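These numbers were taken from a predicted model, which means no experiment stands behind them. Indexing begins at 1, ligand by ligand and atom by atom, following the structure's order. Computed over heavy atoms, backbone and side chain alike; hydrogens, waters and symmetry mates excluded.
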Amino acid sequence: MAKSLLGAAAQGTRMPRRMTRPFALVTMLAIAVLLGTWLAARDEIETTTYSEFEQRLAAGDIDRVTIVGDTISGHLKSPAPDGARTIAATLVEPPLADELRKFNVPFQRVPQSTWLGGLLSTLLPLFLIIAAWTYLSRKMSGAGNLLGLGASKARLYMQKDIAVRFTDVAGVDEAKAELQEVVDFLRNPRHYGRLGARIPKGVLLIGPTGTGKTLLARAVAGEAGVAFFSISGSAFIEMFVGVGAARVRDLFEQARANAPAIIFIDELDALGKVRALFPLAGGHEEREQTLNQLLVELDGFDPAVGVVLLAATNRPEILDPALLRAGRFDRQILVDRPDRAGRLAILRVHAKKIRLAPGTDLDQVAAITVGFAGADLANLVNEAAIVATRRDADAVTLQHFNLAIERIVAGIEKKHALVNVRERELAATHELGHALTALALPGADRVHKVSIIPHGIGALGYTLQRPAEDRHLLTRTQVTEKIMVLLGGYAAEVLVFGEPSTGAADDLAKATDLARDMVLRFGMDDAIGPVSYEGSPVLTGAPAEPAGALPPRRTWSPHTAQQIDDAVRSRIEAALERTTALLQARRSTLDRCVSVLLERESLDEEDLLSLVQEPTSMKAAG
Ligand code: ADP
């Protein structure tokens, strides 16, 4: 604690002006009180011993006596040489005074220091008010205290010798592979920089809560054997403007002093979220200042020192774009909910901590915990152990897991957990429709991953594609193939289930947009011809207005409008027909892939290719 107070004092000199305002107020009040007390004290009163007071009274120097509490004061007939008009003494009780008088020596009762007492009694309420105010502001802002304003709490969160290793984090192999580089760098920053290799300064871990982002960050520190500073984004935001910024500065200073080190900022989005919370207390300005300071630190620090900043968010969309620019959090790693194999691996990690009955097949647990994140699984293992203990079992069995799942599922959002069987089949068929179409078309982007792990509201799966190379221009064939891949989900649904579902709405909208662009903008439709119907200002011939400036002008006749509609529709229909034919020819592959995807929940490019196993001659057929 003493250390943190010192830190606060050192910080004080750098506090921005806005933040010193409360201190100025307090100082002024204190000075006013001191001055008042001092003036009162130096009023023209001469204090004296009680014996002298009696003597002067007897001598007739005093014309009026006043007694207030313990103090007896007398008004002097003529002022004393030093200008005093009154002399005062503290009363001595009569029996004692009588006794003392006999000895003919001066005697007095020393009054308690009224100066100090007065000061205290004035300042005490003031201090109480300040304390209450600090407490309240701390409550409102969730952190901070008046004395430790600028000091970062990172000190409290610094840990050395972290025991977490990559083996403790399961089911996130891609993320681990990417972070291995950071570990290598931290182990030997100088060696790494030898060939000019640039390590990312900031790595952003993106993913839902409980998927192990914090655990991963700790594992990086553990693997590299470096100090680990962690702080939550929300802890930066204080009620007083400038505190968050001072805290950021302090955090980086400490990390540099302890380098090599990792700084981990959880809930990075809190810096982007707080905007309107305390408009009067300067919340907005505070957020901006804190964010700016973070950017300054990010831009200014030299990675060769051996400090790497890791941050986590589950809401990347609300992050300030400035954070994601090159040289800042320029590496982003997705930490997603685990698939079945991932869940099994995570269950194994946590099952080590309990006594598992021999022969318990954790894969069966993995199979029925669709949508569980790592934290849910850790919790599940613990719950199963509790159930087993309560039943006086010798070891935890599958039955205990099942009971625990029943208890837990109620607490996990429905949309993520245990999607119904029919919907999963539909999702798997739909996603593989996209994937197989893409695989069959030579010009389409490569399929990187197919997944039916529930993702956000309404999305039951996704197919990720990656372009094989950078492309700036697309030929007519390539645009057509894009439309076909988009329609692949719809085609597969109709092919397998006899009718489409609402899940294809997004795909249809995108496919239709592309087809319309082919007709209206790219001159790719023979019936319409090489004419652009994009509404640009007719008279001036100037380039089209920036997007959103004007509603697009319709520059075609009603007759052409009909032709355009027909052309768009027939493009879509033709593409759908080709896609359906293509999938029909691969129906057995589709069924095979669907059953594997249902089991594994996600397939990467390699899995898919080995499942498809079709000779390249099929590709040519597309
Ligand atoms: P996040 O930071 O993504 O919200 P955490 O890292 O705090 O998630 O995870 C909370 C806990 O859940 C961890 O301490 C760990 O016990 C467990 N957990 C989460 N993900 C994993 C994983 N991939 N492997 C093993 N355990 C995990």
Below 4.0 angstrom from a heavy atom of T209, which ligand 1 atoms are there? Numbered from 1 as shown, please. 4 (O)
For D168, take its heavy atoms, then give the atoms of ligand 1 lying under 4.0 Å from any of them. 24 (N), 25 (C)
What do you reckon, does A170 put a non-hydrogen atom under 4.0 Å from ligand 1? yes
Checking contacts here: is it the side chain or the backbone of N314 that comes within 4.0 Å of ligand 1, counting heavy atoms only? Could be both or neither. neither
Would you call D168-R218 a salt bridge at under 4.0 Å N-O? no
Under 3.5 Å, side chain of K510 to main-chain N/O of L486, donor-acceptor pair present? no
For atom 2 (O) of ligand 1, the protein heavy atom that lies nearest, with its residue and separation: T214 OG1, 2.5 Å
Nitrogen or oxygen atoms of A378 and ligand 1 under 3.5 Å apart: no
Would you mind checking which non-hydrogen protein atom is closest to atom 10 (C) of ligand 1, with the distance to 0.1 Å? A375 CB, 3.9 Å
protein heavy-atom neighbour closest to atom 4 (O) of ligand 1 works out as G210 N, 2.8 Å
Shortest protein heavy-atom distance from atom 18 (N) of ligand 1, along with the residue and atom involved: G374 C, 3.6 Å
Option set G342, A312, G212, criterion heavy-atom distance to atom 9 (O) of ligand 1, minimum: G212
Does R355 use its side chain to pair, donor to acceptor, with the backbone of K352 at less than 3.5 Å? no
Residue H350 vicinity, atoms of ligand 1 by number, heavy atom under 4.0 Å: 15 (C), 16 (O), 17 (C), 25 (C), 26 (N), 27 (C)
N/O to N/O below 3.5 Å, does that happen between L215 and ligand 1? yes
Has K213 got a side-chain atom pairing as donor or acceptor with P208's backbone, closer than 3.5 angstrom? yes
Atom 3 (O) of ligand 1: of K213, R218, R337, K353, the nearest heavy atom sits on K213
Result for side-chain contact (heavy atoms from CB on, under 4.5 Å) between I262 and one of V307, V226, L309 points to V226
Of the backbone atoms (N, CA, C, O) and the side-chain heavy atoms from C-beta on, which set of V349 has a member under 4.0 Å from an atom of ligand 1: side chain, backbone, both, or neither? neither
Can you list everything that forms a side-chain contact (heavy atoms from CB on, under 4.5 Å) with L598? Sequence neighbours excluded, please. R424, E425, A428, I452, V594
Taking the basic N atoms (NZ, or NE/NH1/NH2) and the acidic carboxylate oxygens, is any pair closer than 4.0 Å for D363 and R340? yes
Determine whether a donor-acceptor pair (N or O, by modelled atom type, separation under 3.5 Å) exists between the side chain of T360 and the backbone of L362. no
Do L356 and F401 have side chains that approach each other closer than 4.5 Å (heavy atoms only, starting at C-beta)? yes
